[in-house]
Amino acid sequence: MSGDGVSVGGNVVDNADIVDVFHAPAGFSFTAFDTREITTPDGPVSLRYPRLDADVIHALCDDVRKNRNDCLASMPVNDIIDVLAKAVELWTDPDYPLRRLAERLVPAITGYDADMTRIELKRYMRMFRRRELLRFVDDDLPCPQMLDEYRPNRSGGYTRLYGPDLSFHVFSSNVPGIPVWSMTMGLLVKSGIVGKSSFDEPLMPVLFAKSIREVDPELADAIAVVPWKGGTQPLEDAAIGEANAVIVYGSSHTTELLRPKVAEGKPFLSYGARIGFSLVGRESLRADCYESTIHRMAVDVATYDQQSCLAAQTVFVERGGVLAPHETAELLAHELESQQRKYPRSTPTQEESLAIRRVRSSVEMMSLFAGGPGTGMADDGSGPFVIASPNGTDWTVLHYPDAASLPTPASPLNRTITVVAVDDLADALPVMAPYRQWLQSCGVAVDSTRLFPLAQRVGELGIDRICPVGEMNRAKSGWHHDGGFNLLDLVRAVDVERGTDRFADSFDDDFE
């Protein structure tokens, strides 16, 4: 790209800012392109992408599969880890051209605040450093070297693990960088990758592939990333038919549309919409720590505007602390206003704004019927109320005096958080139980004597991740995404049974 002194994925034409938001193996040619213009603080930028049809997708899959078989299939897993780690290490340099490009363009494409994007991308990429990649493979696999060769297993035989030769990844656009996780998991099991990116954020998977190319061009040739409009059936059918595994990120609607297209026996990993919630114990609202707790609550809400499936949508606050739940809601509103000044929210769609206004109106009506102050706050917190941002729908705090009055734990997002008062944190669990299939992350602010008993009950509820309040959007390496395995769910095992080697020895003339 001319503005940053680099060309990303292709040519810089006539010194204009043109960025190719696609990646293909070296030598693969597209015949026609379209562009989409975005506006950055430094001026307009054209995002260039290829025109696609089913024949192009078939050809792309063939190229990726061949390159995977020529290089990646025989590459020791430790060498793959080294390549990925070196590529990620490039991103630790603030002056790395692709990092500078991402920091410039991702906010312009997504609407997220530039400072927040810069901080969160830096934090996210660090999760794929070498020591963290080792955690991924060691946590998931009984012996990572089984990806390279037959290794002894506990039954007395030998096992080798085989990943798909080609996997099709459907990337979501809600959180920049998420495709890096999906691509990394595919490469660690030696799978060639064809990725469908979203026009709402097509850049990060391409930049990651480019970083890999800087370290190991042959490995990068086992990756292709191209954007197309979701629901383009000929392209989806071609990619799904070619792939031996399908990994889908996106809305529940997207994942359910694609599921029937995947043949029985093919791994199909889907990561659709989820609900996160927090449990804030009375001990975290003591005089010496409530400010930190409320700040951390606000961070969970403000980071990427709750668009991440990891984010909190409802917070259950226990009575008995120095702050009552309704006072906690009021201070959370002040903290969200501070977050808005520091990291302004992205501009929601008209539909999203209407959804926020509808939920505000609903709670205001409940407040009036309950004899409360509507948009004000009851002195004793005995009724529902709304605290709304002074400017539009920038943020919203909804307060409910008890769990029974909560209509749903889901939120219209975009920094809309529900605070529910409970006498005991256990009172929150029956409220969340009907939403089991959508639950994912639970943030907790409780003392150590309560952590594991509470975790036991939350785990039974269907949650697959428990973390500190304030870190809900920052999953750690080794997390079992949606309760599954990042690598193990992508591989198949082949066993050489106990005694087979000794039977083979019997045909050796020197064997006794």
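Sequential numbering from 1 along the given sequence is applied to the chain's residues.
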Worksheet item: Between W395 and R415, is there a cation-pi geometry (under 6.0 Å to ring centre, at most 45° from the normal)?
Response: no
Practice prompt. Check the pair M297 / V301 against side chain to side chain contact (heavy atoms under 4.5 Å, CB included), numbers first and verdict last.
Written response: CA-CA 7 Å; M297 292 164 62; V301 175; 5.9 Å; no
Is it true that [Y] and [X] share a donor-acceptor pair across their side chains at a distance under 3.5 Å?
X: R465; Y: S441; value: yes
X: K210; Y: H23; value: yes
X: R345; Y: T393; value: yes
X: H481; Y: D464; value: no
X: W91; Y: S211; value: yes
X: R68; Y: S191; value: no
X: E214; Y: Y96; value: yes
X: S477; Y: E132; value: yes

Aromatic rings [X] and [Y]: how do their planes relate, parallel, tilted or perpendicular, breaks at 30° and 60°?
X: F385; Y: H399; value: parallel
X: W181; Y: F136; value: perpendicular
X: Y124; Y: F128; value: perpendicular

Worksheet item: Step by step, would you call R100 with E103 a salt bridge (charged side-chain N to carboxylate O under 4.0 Å, His left out)?
Response: CA-CA 5 Å; R100 290 169 52 205; E103 291 174 353; over 6 Å; no
Fill in: Any side-chain heavy-atom pair of I193 and F168 under 4.5 Å
no
Worksheet entry | side-chain contact (heavy atoms from CB on, under 4.5 Å) partners of D216, counting only residues at least two apart | M75, V83, E218, L219
Worksheet item: Listed by chain and number, what are the side-chain contact (heavy atoms from CB on, under 4.5 Å) partners of T40, not counting sequence neighbours?
Response: I38, D42, V45, R104, L105, A108
Worksheet item: Can we say D237 and K261 salt-bridge, meaning some charged N sits less than 4.0 Å from an Asp/Glu carboxylate O?
Response: yes
Worksheet item: Centres of the F33 and Y49 rings: under 6.0 Å?
Response: no
Enumerate, atom names and distances included, each donor-acceptor pair closer than 3.5 Å involving a side-chain atom of residues 220-230, sequence neighbours excluded.
{"from": "D221", "atom 1": "OD1", "to": "A26", "atom 2": "N", "distance (Å)": "2.9"}
{"from": "D221", "atom 1": "OD1", "to": "R213", "atom 2": "NH2", "distance (Å)": "2.8"}

